[in-house]
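Side chains are part of it too, since the values below use all heavy atoms of this structure and drop only hydrogens, waters and symmetry mates. Each chain gets a letter, A, B and so on, in the order its sequence line appears, and its residues count up from 1.
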Amino acid sequence: MNAISATSFLASKKLTLSDPDWVRYALIGLTLGIIGLFLLLPLLTVLIEAFAKGWSAYSASLTHPDALAAMRLTLLVALVTVPLTTVFGVSAAWAIARFDFRGKSLLITLIDLPFSVSPVIAGLVYVLIFGAQGWLGPWFSAHDIKILFAVPGIILATLFVTFPFVARELIPLMQEIGHEEEEAALSLGASGWQTFFKVTMPNVKWGLLNGVLLCNARAMGEFGAVSVVSGHIRGLTNTLPLHVEVSYNEYDFVGSFAGASVLAALAVVTLVFKTLLEWKQNQELKATRQAVE
Amino acid sequence: MSISVNHISKHFGAFTALDNISLDIPEGELVALLGPSGCGKTTLLRIIAGLEQADQGDVFLKGDKVTDKPVKNRQIGFVFQHYALFRHMTVFDNVAFGLKVKPRRERLSNEVIAKKVHALLELVQLDWLHDRYPDQLSGGQRQRIALARALAVEPSVLLLDEPFGALDASVRKDLRQWLRNLHHDLNVTSIFVTHDQEEAMEVASQVVVLNHGRIEQQGAPGDIYDHPANAFVSRFIGQTNVFDLDEHDADWLQTAGLSTAQQKGKIAHVRPHDIVIEKSTAGTDTFVTLKDWQHLGSLIRIELVKSGASGQAASVYAEMPNDQFRRLHLNRGDKVELRIRHAHWFH
């Protein structure tokens, strides 16, 4: 008797929880439509435009010295900024999750600053500091060091916009995991570095990798901040996103969209990696969470 | 002395966690730091371990002053309240951790480490779980692995923070007995922190009662129960009835057979088992009635209501063996007479 009333109760509960079919199809359709219109269609356009004059035109514009220089610069910028951001992110997360100090909440807010400030402003700030009329500009030019309109400026601007990525991933994670495992490692005679590499890092590795991946995507794709400080010198200070814009402005549509296709490919690769990471992480969780028989 | 702390004080902001604590623990003892939450017992344990720094005072382990030594050089074994097992390592790797992080010249070969780890896992009767991850273990199993991990580095002292706090009641009972036996076999000087007086009395060979950052009393469980040093200890350890002599209790205590001649204070604490109940014979002037009783296994806990001379009622608890209670044939609401066999007096 009890069982019967329980099942019928469940069935009625299920009925009230599920929406009518037309609502479901309408919502799914709407979502797919928006994704198609605003995400897939532009991607398709990029490819169509890139190959509008055939494969040879496409490959010629990608192997053009200016395009190659742009790709090299983009890679260089990512190669320098991602490790720096990672080191910064790990130390900031460590400081915030492990220590109590005055101004901690202010620091957390400041780490978020690049997310809330327009990248163009970030670029302008560097112009104000390092420009010919800026605070430090005259000193640097007197010592023959070029920051603005050169690679160091581009790296600085990229650092500014990518700073929060790793720290933002790690702070909540490390706060949640807590300090006890590290204390246990220390009590067992491990040194600070051993504790860090054998206990802390393995616990946060998925969050860290995720942050690094997102940071890398942003470092390669950043336009606004870099645009202000780069000076758009072809073959020297054009990153790939800037190269796309410059080519487009000069009516070199194939060159522009070919560059865009490389950036789009980067995005796809990033997404694949991200999905792979999540999948691996789930596999690992499943392996360690199997119920005790 | 295996563990000594000298005049330790610790403040967290305006809060005084420890107030000038001195404590000596001889070799081989199993000591309980017992007190209500916020009394500073965990802080004291962490200061002995080196996980926390004292504001003042010194810590000695085996005669060495370790006050300024970091935790990793103190040779202690620490078992955390929530076990703190390394979640990404198997049980085997958890236990082996302390042996594997030793500097190269002190490190044992991998075969010796493996042998040692398996021996430890056998000691805690969990060798069959060596390739599991902590998430796959039950609470009691995790606790035993945490203990094996702490023992792997052959600590000179073992420190346990609320070792049974996060376990089910039934598991807790088993593990208490098990820890006592293990300590008997290994004879490592050990301190454990607990807020559960029953646990402290059952497991420890010495109990240190803490309150508000001070030591109230230190001694063997029996001593502390039979001779509480002050009102706090008397109330905190075991059950007790409190009679304040300023409030019309003097006369009544006298009729209950406790002469005020042996009175050494104003407040009398009476253990429930020191109260004897007799059925009231007709005509006796008594104002104690039986309200209710509960079965506590072999004992009956009896709730009595005493209506004082001034009219206000107060509850008194008594305990007696099951069969003795049955022989009295008492019902709820019966008038009874009390006889108090023994009281502790406090000011």
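Residue Gln194(A) touches chain B through its side chain alone, counting heavy-atom pairs closer than 4.5 Å. Heavy-atom distances place both the backbone and the side chain of Phe86(B) under 4.5 Å from chain A. At a 4.5 Å heavy-atom cutoff, Ala146(B) makes no contact with chain A through either its backbone or its side chain. Neither the backbone nor the side chain of Leu159(B) comes within contact range of chain A; no heavy atom of the residue lies under 4.5 Å from a heavy atom of that chain.
Partners of Phe92(B) according to the ring pair (Phe, Tyr, Trp, His ring centres under 6.0 Å) rule, which considers only residues two or more places apart in sequence or in another chain, are His118(B).
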For this session: Using the ring pair (Phe, Tyr, Trp, His ring centres under 6.0 Å) rule, take Phe165(A) and Phe115(A) through it: C-alpha gap first, then chi angles, then the decisive distance, then the call.
Result: CA-CA 9 Å; Phe165(A) 280 94; Phe115(A) 277 165; 5.3 Å; yes
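Between chain A and the options Gln75(B), Arg149(B), Gln81(B), heavy-atom pairs under 4.5 Å are most frequent for Arg149(B). Annotation: maximal heavy-atom pairing with chain A below 4.5 Å, among Met89(B), Arg74(B), Arg46(B), Lys100(B), occurs at Arg46(B).
Between Ser2(B) and Val157(B) the shortest side-chain heavy-atom distance falls below 4.5 Å.
Nearest heavy atom pair, residue Phe192(B) against residue Ala204(B), reads CE2-CB, 4.0 Å. Looking at every heavy atom in both residues, Val161(A) comes nearest to Ala225(A) through CG1-CB, 4.1 Å.
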